[in-house]
Asker: 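To start, I am sharing the structure in question, which I have written as structure tokens.
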Amino acid sequence: MQDENYILFESYLSEMLSTDEILAFESRLKVEPELNQAFQTYKELSGFLEHKFENEEASKVFQEHLNKISEAHFNKVKSITETKGTTKIHPILKYLVAASIVVLFGIFTYNQFSTPSFSDYNNYETISLTVRSGQDKLLKIAENAFNAKDFAKAEEAFSKLINEDKNNAELKLYRAISNLELDHFEIADGLLEELRTGNSAFKNKAIWYLGLSKLKQKDYNAALVILKSIPEDADDFKQAQKLIDKLD
Amino acid sequence: MGEKKIHEDQKYIDGLLQNNAFIIQAIYDTFVPKVVNYIKQNSGSADKAQDVIQDTLLTIYNQASQKKLQLTCPFDAYFFLLCKRKWLNELKKSSNKEVTINEAELSKGDEAQKLAFETSVFDEKQALFTEMFNKLGNACKDLLAATFKIKSMEEVAKSLGVTYAYARKKKSLCIGKLTELVQKSPKFNQLKN
């Protein structure tokens with residue numbers, strides 16, 4: 001292919017040709033299959049390069065984040081299989097194990113028959129919000145405060161963030177949890193209700209936390225009704241069923 | 001027929017695109033164990049599965065951001081088919097082992113097959129384009145990087161110490177060179193068919 005053709009491709013793609021030149025070029029594409037094929041490849045490569053360089057940083061951040069989650073997932077799975085495979089009990093330990101089982105059974109029975117409380121369920125996994133480059137400090141503050149269980153500070157940061165990004169369901173969920181921890185039930189329930197009726201990925205999580213909110217408010221009947229509406233494919237379905245059994 | 005209906009599992013694609021920790025975690029919890037089992041049962045290990053899965057998620061992310069990927073089938077079937085395809089390619093590359101798969105059992109409808117195929121082609125093209133880009137001379141690589149990062153050709157020219165006209169021409173010729181490298185590669189012709 002001659003150099004002039006590539007220069008023509010570039011001019012066409014960057015809209016620098018006159019109407020007559022465009023018409024002439026487009027009619028050549030129709031009758032010159034080789035030119036047309038080279039043009040299609042040129043166009044595709046141009047799109048590839050554009051994406052490659054524009055998204056280089058975002059893509060790197062995504063890869064690092066993915067790597068972190070993947071490592072954590074596979075390490076967890078590995079450690080479970082290893083413990084299963086290598087446990088050998090020393091004879092003397094058997095007595096200790098037997099004694100522990102008695103104690104555990106006692107605790108288990110106690111738990112079964114005592115009323116469940118919010119504090120049985122508020123162990124949150126570490127959240128990670130500052131995954132994209134160029135995001136502001138406020139996200140980092142919110143993330144750190146939430147992970148350190150400083151919910152007052154987290155609430156302050158989340159409410160500011162939501163003001164800027166009114167449709168962000170993830171931020172709303174974390175803000176609701178922070179308020180739930182602070183006993184600000186009105187704010188928490190309002191946010192959770194909004195997520196529950198919406199269509200975001202956090203819909204089921206919101207139902208679960210709305211149930212926990214009612215539990216914390218000791219409104220057991222309301223908690224039951226809400227928990228029973230958690231669909232089977234939700235992450236918290238099993239946990240919810242256990243809680244329902246205890247409350248019923 | 002109107003436009004195809006987007007599946008509700010599009011939330012996983014959008015979540016990947018937004019780098020959403022919750023969604024990525026959910027993918028690992030919900031869909032990954034099945035893939036790991038499959039790879040382990042087909043001459044692989046957990047470590048191999050980890051790599052295949054990570055690569056696959058990166059491919060989906062790239063296709064979603066570059067081509068606005070729209071999911072028209074359940075994520076489960078789509079993701080599983082992609083991982084499977086990637087793993088079988090790995091096996092083919094590393095040995096000449098004969099691998100038997102029960103296709104009927106694995107296929108989850110034409111839509112998932114079609115979509116997974118499109119994503120695989122996208123992935124292979126990306127790999128080929130990257131390989132050929134790396135074959136370009138440094139002058140072309142630098143100029144193209146500058147062009148697509150800075151956007152304004154005037155500024156590109158200034159930053160490289162050349163005239164505007166020269167920078168424009170050079171950009172066309174560098175992409176032209178890349179076009180030739182790609183077109184000459186036998187892999188490209190296979191992908192087209």
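Reckoned from all heavy atoms, side chains included, excluding hydrogens, waters and symmetry mates.
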Asker: If contact means a heavy atom pair closer than 4.5 Å, which residues of residues 155-170 of chain B contact chain A?
Answerer: B:Tyr164, B:Arg168, B:Lys169
Asker: What's the separation between atom CD1 in A:Ile69 and atom CG in B:Asp29, rounded to the nearest 0.5 Å?
Answerer: 10.0 Å
Asker: Which answer fits A:Phe9, side chain, backbone, both or neither, if we ask what part of it has an atom under 4.5 Å from a heavy atom of chain B?
Answerer: neither
Asker: For the NZ atom on A:Lys203, are there more than 12 heavy atoms of other groups (residues, nucleotides or ligands in this structure) within a distance under 6.0 Å?
Answerer: yes
Asker: Can you say whether the rings of B:Phe79 and B:Phe75 are parallel (under 30°), tilted (30 to 60°) or perpendicular (over 60°)?
Answerer: parallel
Asker: On the ring face of B:Phe80, is B:Lys34 found with NZ or CZ under 6.0 Å from the centre and within 45° of the axis?
Answerer: yes
Asker: Examine whether an atom of B:Gln50 lies under 4.5 Å from a heavy atom of chain A, and if so say whether it belongs to the side chain, the backbone or both; otherwise answer neither.
Answerer: both
Asker: Between B:Ile53, B:Thr30, B:Leu16, B:Asp47, which residue shows the highest count of heavy-atom pairs closer than 4.5 Å to chain A?
Answerer: B:Leu16
Asker: So which residues of residues 131-142 of chain B are in contact with chain A at a heavy-atom cut-off of under 4.5 Å?
Answerer: B:Phe133
Asker: Would you mind checking which part of B:Ile27 comes under 4.5 Å of any heavy atom in chain A, side chain (CB onward), backbone (N, CA, C, O), both or neither?
Answerer: neither
Asker: Look at the aromatic rings of A:Phe25 and A:Tyr12 and report parallel, tilted or perpendicular, splitting at 30° and 60°.
Answerer: tilted
Asker: Contact part of B:Gln126 toward chain A, heavy-atom cut-off under 4.5 Å: side chain, backbone, both or neither?
Answerer: both
Asker: Once you round to the nearest 0.5 Å, how far does CZ of B:Phe31 lie from SG of B:Cys83?
Answerer: 11.5 Å
Asker: Under the side chain to side chain contact (heavy atoms under 4.5 Å, CB included) test against A:Trp208, which residue among A:Leu210, A:Asn204, A:Leu212 passes?
Answerer: A:Leu212
Asker: Would you mind telling me which of A:Lys52, A:Glu44, A:Lys68, A:Glu56 has the largest number of heavy-atom pairs within less than 4.5 Å of chain B?
Answerer: A:Glu44
Asker: Considering non-hydrogen atoms only, spot the tightest contact between B:Ala49 and B:Ile39 and give its length.
Answerer: CA-CD1, 3.7 Å
Asker: Which bit of B:Thr147 is near chain A, if near means a heavy-atom gap under 4.5 Å: side chain, backbone, both or neither?
Answerer: neither
Asker: If you apply the rule salt bridge (charged side-chain N to carboxylate O under 4.0 Å, His left out), what do you find for A:Glu155 with A:Arg175, and how did you get there?
Answerer: CA-CA 6 Å; A:Glu155 150 61 14; A:Arg175 187 182 175 206; 2.9 Å; yes
Asker: Side chain to side chain contact (heavy atoms under 4.5 Å, CB included) for B:Tyr38 and B:Val52? Distances and angles first, verdict last.
Answerer: CA-CA 12 Å; B:Tyr38 172 78; B:Val52 167; over 6 Å; no
Asker: At a heavy-atom distance under 4.5 Å, which candidate from A:Glu71, A:His73, A:Lys205 has the highest pair count against chain B?
Answerer: A:His73
Asker: Rounded at 0.5 Å granularity, tell me how far CD in A:Glu156 sits from CD1 in A:Ile141.
Answerer: 8.5 Å
Asker: Distance under 6.0 Å and angle within 45° of the ring axis: does B:Lys11 meet both against A:Phe202?
Answerer: no
Asker: Could you give me the CA-CA distance, side-chain angles and deciding distance for A:Arg196 and A:Glu193, then say whether salt bridge (charged side-chain N to carboxylate O under 4.0 Å, His left out) is met?
Answerer: CA-CA 5 Å; A:Arg196 183 170 80 113; A:Glu193 192 60 50; 2.8 Å; yes
Asker: Salt bridge (charged side-chain N to carboxylate O under 4.0 Å, His left out), that's the test. Do B:Lys171 and A:Glu10 meet it? Break it down for me.
Answerer: CA-CA 8 Å; B:Lys171 179 189 176 189; A:Glu10 189 57 39; 3.0 Å; yes
Asker: For B:Asp14 and B:Gln10, which I'm curious about, is there any donor-acceptor pair between the side chains at under 3.5 Å?
Answerer: yes
Asker: Go through the steps to decide whether A:Asn122 and A:Leu180 satisfy the test side chain to side chain contact (heavy atoms under 4.5 Å, CB included), and finish with yes or no.
Answerer: CA-CA 10 Å; A:Asn122 66 344; A:Leu180 182 51; over 6 Å; no
Asker: Can you tell me which portion of A:Tyr174 sits under 4.5 Å from chain B's heavy atoms? Options are side chain, backbone, both or neither.
Answerer: side chain
Asker: With only heavy atoms counted, which part of A:Leu173 is less than 4.5 Å from chain B, the side chain, the backbone, both or neither?
Answerer: side chain
Asker: Measure the CD1-CD1 distance between A:Ile244 and A:Ile230 for me, rounded to the nearest 0.5 Å.
Answerer: 7.0 Å
Asker: Is there any residue in residues 161-171 of chain A with a non-hydrogen atom under 4.5 Å from a non-hydrogen atom of chain B, and which ones are they?
Answerer: A:Glu170
Asker: Could you grab the distance from atom CD1 of A:Ile7 to atom CE of A:Met16, nearest 0.5 Å is fine?
Answerer: 12.5 Å
Asker: Should the heavy atoms of other residues, nucleotides or ligands under 6.0 Å from NZ of A:Lys149 be counted, would the total exceed 12?
Answerer: yes
Asker: If you check every heavy atom in residues 55-64 of chain B against those of chain A, which residues fall under 4.5 Å?
Answerer: B:Leu57, B:Leu58, B:Tyr61, B:Asn62
Asker: CD/A:Gln40 to CG/A:Leu45 distance, rounded to the nearest 0.5 angstrom?
Answerer: 11.5 Å
Asker: Less than 4.5 Å to any heavy atom of chain B: does that hold for the side chain of A:Asn67, its backbone, both, or neither?
Answerer: both
Asker: Under the 3.5 angstrom rule, does the side chain of A:Thr41 hit a backbone N or O of A:Gln37 as a donor-acceptor pair?
Answerer: yes
Asker: If I measure from the heavy atoms of chain B, does A:Ser14 come under 4.5 Å with its side chain, its backbone, both, or neither?
Answerer: side chain
Asker: Given side chains that start at C-beta, do those of B:Lys86 and B:Val35 come closer than 4.5 Å, heavy atoms only?
Answerer: no
